[in-house]
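Structure first, then comments.
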2 protein chains.
Amino acid sequence: MSDDVFKALADHTRRTILDELAERDGQTLFEICGRLLTKHGLNTSRQGVSQHLALLEAAGLVETRRDGRYKFHHLDTRPLEHLTDRWLVPEQSGESS
Amino acid sequence: MSDDVFKALADHTRRTILDELAERDGQTLFEICGRLLTKHGLNTSRQGVSQHLALLEAAGLVETRRDGRYKFHHLDTRPLEHLTDRWLVPEQSGESS
DNA sequence: TCGACAGGCAAGGAAACACTTGCCTATGCT
DNA sequence: AGCATAGGCAAGTGTTTCCTTGCCTGTCGA
């Protein structure tokens with residue numbers, strides 16, 4: 001369900017995290033924290049960012065990859081592709097039900 | 001800002017309201033209430049639905065038109081059109097900043 | 001092996017959110 | 001005029017959400 005995706009996108013910090021990953025994919029938690037602070041002025045604690053990332057991962061928007069003590073976060077935009085189609089496509093041609 | 005749009009879409013009941021308006025545009029508050037109940041099993045109170053509609057209107061997703069004692073709600077999908085483009089278009093060509 | 005680094009787990013608090021109840025205004029019908 | 005209908009306003013409640021603090025596990029370099 002795209003239910004979690006909508007919830008994930010509801011928060012401003014999470015959307016900024018997605019922005020960051022879109023600009024530079026595969027960042028670690030500490031990298032993301034640093035960039036949120038320096039580039040966006042968001043000084044959320046490491047745990048805060050970690051919880052956001054967990055939520056984004058649960059929504060399928062972020063995929064993680066472990067390597068040693070580093071954990072890299074990758075953006076997956078597929079859940080976003082047809083998110084709003086249910087409203088944008090009024091009645092394309094013949095759509096029953 | 002699309003900030004309010006994301007917030008508006010975060011709630012399941014509000015998304016269902018948009019579904020309803022997409023299927024039949026220009027419904028009144030009572031109509032929406034009735035359809036939420038019968039078609040979706042959501043028995044939210046009239047005030048609850050009214051507050052949701054106010055939020056949707058603040059987000060620019062719903063436009064209202066008064067006629068006598070009736071208030072008709074119309075769906076406006078324009079705020080949804082390029083909502084997720086910022087992530088779906090990776091780096092189209094040269095994007096500074 | 002020791003310490004620094006990357007990250008995780010869990011409890012707690014403050015604020016935002018969804019929803020309800022109670023009362024009020026305004027329009028339309030008879 | 002009188003009443004029912006459509007909707008609005010405002011306060012109150014319970015839940016969710018965001019964020020923090022404190023401590024723990026695991027990995028790497030000297």
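Chain letters run A, B, ... following the sequence lines, proteins first and then strands; every chain starts at 1. Scope of the values below: all heavy atoms of this structure, side chains included, with no hydrogens, waters or symmetry mates. Predicted, not measured: the structure shown is a model, and the values here were computed from it.
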Which of these nucleotides, C/dT27, C/dA18, D/dC18, is closest to any side-chain atom of B/Arg69?
C/dT27
Between B/Glu20 and B/His40, does any side-chain donor sit less than 3.5 Å from a side-chain acceptor?
yes
For a quick check, tell me whether the side chain of B/Arg46 and the base of D/dG8 share a donor-acceptor pair closer than 3.5 Å.
yes
Whole-Å distance between C/dT21 P and B/Asn43 CG?
10 Å
Report the distance from atom NE2 of A/His73 to atom C1' of C/dA6, rounded to the nearest whole Å.
11 Å
Looking at D/dG26, I'd like to know if its phosphate oxygens (OP1 or OP2) sit under 4.0 Å from a side-chain N or O belonging to A/Arg66.
no
Report which part of the nucleic acid A/Gly68 touches: base, sugar-phosphate, or nothing (heavy-atom distance under 4.0 Å, all strands).
sugar-phosphate
Take B/Phe72 and A/Leu55, find for each the nucleotide of DNA chain D with the closest heavy atom, and name the residue whose nucleotide sits nearer the 5' end.
B/Phe72
Please give, in whole Å, the distance from C/dG7 C1' to A/Ile32 CD1?
12 Å
Between A/Leu9 and A/Leu83, is there a side-chain heavy-atom distance shorter than 4.5 Å?
yes
To the nearest angstrom, how far is B/Arg65 atom CZ from D/dA6 atom P?
16 Å
d(CG, B/Leu42; P, C/dC19) in whole Å
8 Å
Any donor-acceptor pair under 3.5 Å between the side chain of B/Gln51 and the base of C/dT20?
yes
Is the shortest side-chain heavy-atom distance between A/Leu18 and A/Leu75 below 4.5 Å?
yes
Rounded distance (Å) that lies between atom P of D/dC9 and atom CG of B/Leu29:
12 Å
Residue pair A/Gln47/A/Asp11 against DNA chain D: nearer the 5' end by closest nucleotide is A/Asp11
Round to the nearest Å and state the distance from B/Asp4 atom CG to C/dA16 atom C1'.
14 Å
Look at B/Ser50 and D/dG8 and indicate whether a side-chain polar atom (N or O) is within less than 4.0 Å of OP1 or OP2.
yes
Using OP1 and OP2 only, check whether a side-chain N or O of A/Lys71 sits under 4.0 Å from D/dT27.
no
Only one of A/Arg24, A/Arg46, A/Lys71 clears salt bridge (charged side-chain N to carboxylate O under 4.0 Å, His left out) with A/Glu31; which?
A/Arg24
Below 4.0 Å: OP1/OP2 of D/dT16 and any side-chain N or O of A/Lys7
no
Counting any heavy atom closer than 4.0 Å, what does B/Asp67 reach on the DNA or RNA strands: base, sugar-phosphate only, or nothing?
nothing
Looking only at non-hydrogen atoms, find the nearest pair between A/Pro79 and A/Ala59 and report the distance.
CG-O, 4.2 Å
Proximal nucleotide (of C/dT21, C/dA18, C/dA6) relative to the A/Tyr70 side chain
C/dA6
Electrostatic pair A/Lys39:A/Glu23 at N-O distance under 4.0 angstrom
yes
Give the rounded distance in Å between these two atoms: NE2 of A/His52 and P of C/dG8.
15 Å
Against the side chain of A/Thr28, the closest entry in C/dG7, C/dT20, D/dC18 is C/dG7
Would you classify B/Thr44 as touching base, sugar-phosphate or nothing, given that sugar-phosphate means primed atoms plus P, OP1 and OP2, and contacts are heavy atoms under 4.0 Å?
sugar-phosphate
